[in-house]
Novice: 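Before I ask anything, here is the structure I am working with.
Whatever order the structure lists ligands and atoms in, that order sets their numbers, starting from 1. Quick note: residue numbers are just sequence positions, from 1.
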Amino acid sequence: MKKIFIMNLGTTSFKFKLYHVQGENMDVRASGEIESVGAAESRWQYTNCDGKNATGACPVPNHGAGFTLFLEILQKDGLLTSLQDLNAVGYKAVHGGSLSGTRIVDDELIAEMERVTPLAPAHNPIYLSAMKDIRENYPDLVQIARFETSFHATIPDYRTTYGVPYEWREKFGIRKYGFHGSSHEYIAGAMKKLQPEARRVITCHLGGSSSICAILDGKSIATTLGATVQSGLFHNNRVGDFEPFCLPMLMEKLDCDLEEVLNILSKKSGLLGLSGVSNDLRLVLEAADAGNEHAQLAVDTLIDNILGYIGMYTAYLGGLDALVFTGGIGLNSDVVRSRVCEKLAYMGLSLDAAANSGRTDGCISTPDSKVSVWRLKTDEESIVAQNVCQMLQ
Ligand code: AMP
């Protein structure tokens, strides 16, 4: 039996799950999360497999310190006897540049993640800092990264290439990588079990950060995120696809430098920027219902974005057998699902209104629908844990 600690890190957040893995069985024995990492006081919360809960507040200066905090809690709770009891830590790491798949955290991996940090400035530094910290404080502990780009390694070159000088791809790695790989991979695996005959699947991971993936025979053949996590669909507060030639004009009109424009595009755009209301779709929908035209435009644009990619990907797949919604918006917004699906009636797709407004995971299309539609909760950490375990073996 292997004990694996999986980390999912955000700028100021730390989430973990402790897995016990035995053969095919993967048990989550404990999970926890820290908010406001780096603040004067961070709040943490811990739950174990018996339902025991604990919460607390203390300074957690960085993500490495977050690991130490939970290591101590797990030892006190009896789920780990010592550090040696832990077989590995695994990261849902974001951008590994030319390194994809599951890799041991070593000097080569750290150097490549540092090289591509300009392409993932909000994510790579956090992971790098945790990896370095844990390496220094626990040198014997095996650290393994599963990159979010991994599932998309099967996308053909002609679909990961921008129309730029070829040397940029070769020399600088300017190409589409795709992200949210663990989520799309989890859904692909779930669909293999739920509807084995569905060869052509589109997964819509819609949340704070959104992407759509075309999956043929379980493999990714297209996805909306590109060289960075800023592209494709527009996100809660990130721009999505945008015209780079607007940048000089924006710098001039806003009287600011490139960094400031990029800051607006990555933090104050998307649903938030367009609606002027919120980055939370629930509030934008409420405002649209109350007659706010900008909020209505934001919702309409989001639906149109999703629909456009579904159309494109249906063409790539040569038809569509199953459409899956996941992520905070995909799972919880019956409005988004129904508005997208009503436009797909031309495919013979028909949503079951009652199932769509329910809260249960599963099929939400009518029995006679030519394309099945699903609402499925994703489980990204389990994909990381599975891959970490395979690597250990
Ligand atoms: P995620 O990043 O996948 O956790 O998704 C978080 C986002 O899901 C939030 O920012 C909300 O915009 C959205 N969300 C959650 N619940 C709902 C809901 N009932 N209706 C619409 N959007 C929702």
Side-chain angles (χ1 to χ4, degrees), residues 7-17 31-35 45 92 94 120 122-123 126 148 178-187 190 203-213 223-225 229-240 266-290 292 294-306 324-342 351 353 355-361 364 374-384:
M7 279 176 266
N8 184 353
L9 310 178
T11 316
T12 59
S13 67
F14 180 113
K15 289 186 192 155
F16 92 92
K17 281 186 185 167
S31 62
E33 124 170 48
I34 307 171
E35 275 174 37
Q45 170 268 317
K92 187 169 85 74
V94 178
H123 297 96
I126 307 160
E148 283 288 82
F179 299 89
H180 293 156
S182 304
S183 175
H184 294 298
E185 183 174 353
Y186 176 83
I187 300 290
T203 50
C204 302
H205 176 113
L206 310 174
S209 168
S210 297
S211 70
I212 297 184
C213 182
T223 194
T224 54
L225 289 168
V229 294
Q230 303 291 345
S231 44
L233 293 167
F234 73 79
H235 309 262
N236 270 14
N237 50 8
R238 291 191 233 136
V239 64
S266 60
K267 298 205 172 75
K268 298 173 188 165
S269 296
L271 270 184
L272 171 65
L274 200 45
S275 69
V277 173
S278 169
N279 63 1
D280 187 324
L281 181 64
R282 285 166 287 201
L283 301 180
V284 180
L285 283 166
E286 265 176 42
D289 285 346
N292 181 319
H294 292 179
Q296 188 62 56
L297 180 66
V299 174
D300 292 346
T301 309
L302 176 66
I303 303 292
D304 196 67
N305 257 227
I306 298 168
V324 187
F325 291 93
T326 192
I329 294 174
L331 272 184
N332 297 310
S333 179
D334 53 338
V335 175
V336 168
R337 292 192 301 262
S338 69
R339 284 205 48 198
V340 169
C341 288
E342 77 191 15
L351 201 60
N356 183 47
S357 54
R359 288 259 160 243
T360 329
D361 255 26
I364 53 170
W374 301 77
R375 172 194 185 277
L376 297 179
K377 190 171 186 335
T378 194
D379 184 355
E380 298 161 298
E381 286 86 359
S382 72
I383 292 291
V384 181

Novice: Find out whether Arg359 and Asn332 are in side-chain contact, i.e. whether some heavy atom of one side chain is under 4.5 Å from a heavy atom of the other.
Specialist: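 Arg359 vs Asn332: side chains touch.
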Novice: Is a side-chain donor-acceptor pair under 3.5 Å present for Glu148 with Ser182?
Specialist: yes
Novice: Got the closest protein heavy atom to atom 22 (N) of ligand 1, with its distance?
Specialist: Leu281 CB, 3.7 Å
Novice: Using a strict cut-off of 4.0 Å, indicate which atoms of ligand 1 neighbour a heavy atom of Gly207.
Specialist: 1 (P), 2 (O), 3 (O), 5 (O)
Novice: Check the side chains of Ser211 and His184 for a donor-acceptor pair under 3.5 angstrom, ignoring hydrogens and angles.
Specialist: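 Yes, side-chain donor-acceptor contact under 3.5 Å.
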Novice: Check ligand 1 against Asp280 and write out every atom of the ligand that is under 4.0 Å from a heavy-atom position of the residue.
Specialist: 11 (C), 12 (O)
Novice: Could you check atom 18 (C) of ligand 1 against the protein and tell me its nearest heavy-atom contact, residue, atom and distance included?
Specialist: Arg282 CG, 3.3 Å
Novice: Taking only residues two or more places apart in sequence or in another chain, which ones pass side chain to side chain contact (heavy atoms under 4.5 Å, CB included) with Asp379?
Specialist: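 Per chain and number, Asp379 pairs via side chain to side chain contact (heavy atoms under 4.5 Å, CB included) with Lys17, Tyr19, Tyr186, Glu381, Ser382.
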Novice: Examine distances only and state if a side-chain atom of Thr326 and a backbone atom of Thr378 form a donor-acceptor pair shorter than 3.5 Å.
Specialist: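 The answer is yes, because a donor-acceptor pair under 3.5 Å joins these two groups.
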Novice: What protein heavy atom sits nearest atom 14 (N) of ligand 1, and how far away is it?
Specialist: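 Heavy-atom neighbour on the protein nearest atom 14 (N) of ligand 1: Gly328 O, 3.6 Å.
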Novice: Salt bridge (Lys or Arg N to Asp or Glu O under 4.0 Å): which pairs involve residues 328-341, sequence neighbours left out?
Specialist: Asp300-Arg339
Novice: Under 4.0 Å from any heavy atom of Gly327, which atoms of ligand 1 are there?
Specialist: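 Contacts of ligand 1 toward Gly327, numbered from 1: 3 (O).
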Novice: For atom 1 (P) of ligand 1, which of Gly208, Ser210, Ser183, Ser209 has the closest heavy atom?
Specialist: Gly208
Novice: Under 4.0 Å, heavy-atom basis, I'd like to know which part of Val336 is in contact with ligand 1: side chain, backbone, both or neither.
Specialist: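 Contact part for Val336 vs ligand 1: neither.
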Novice: Which residue, Leu281, Ile329, Val340, forms the side-chain contact (heavy atoms from CB on, under 4.5 Å) with Leu206?
Specialist: Ile329
Novice: Nearest non-hydrogen contact with atom 9 (C) of ligand 1 belongs to which option: Thr326, Asn236, Asn237, Val299?
Specialist: Asn236
Novice: Please state which protein non-hydrogen atom is closest to atom 13 (C) of ligand 1 and give its distance, to 0.1 Å?
Specialist: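 Result for atom 13 (C) of ligand 1: Ile329 CG1, 3.5 Å.
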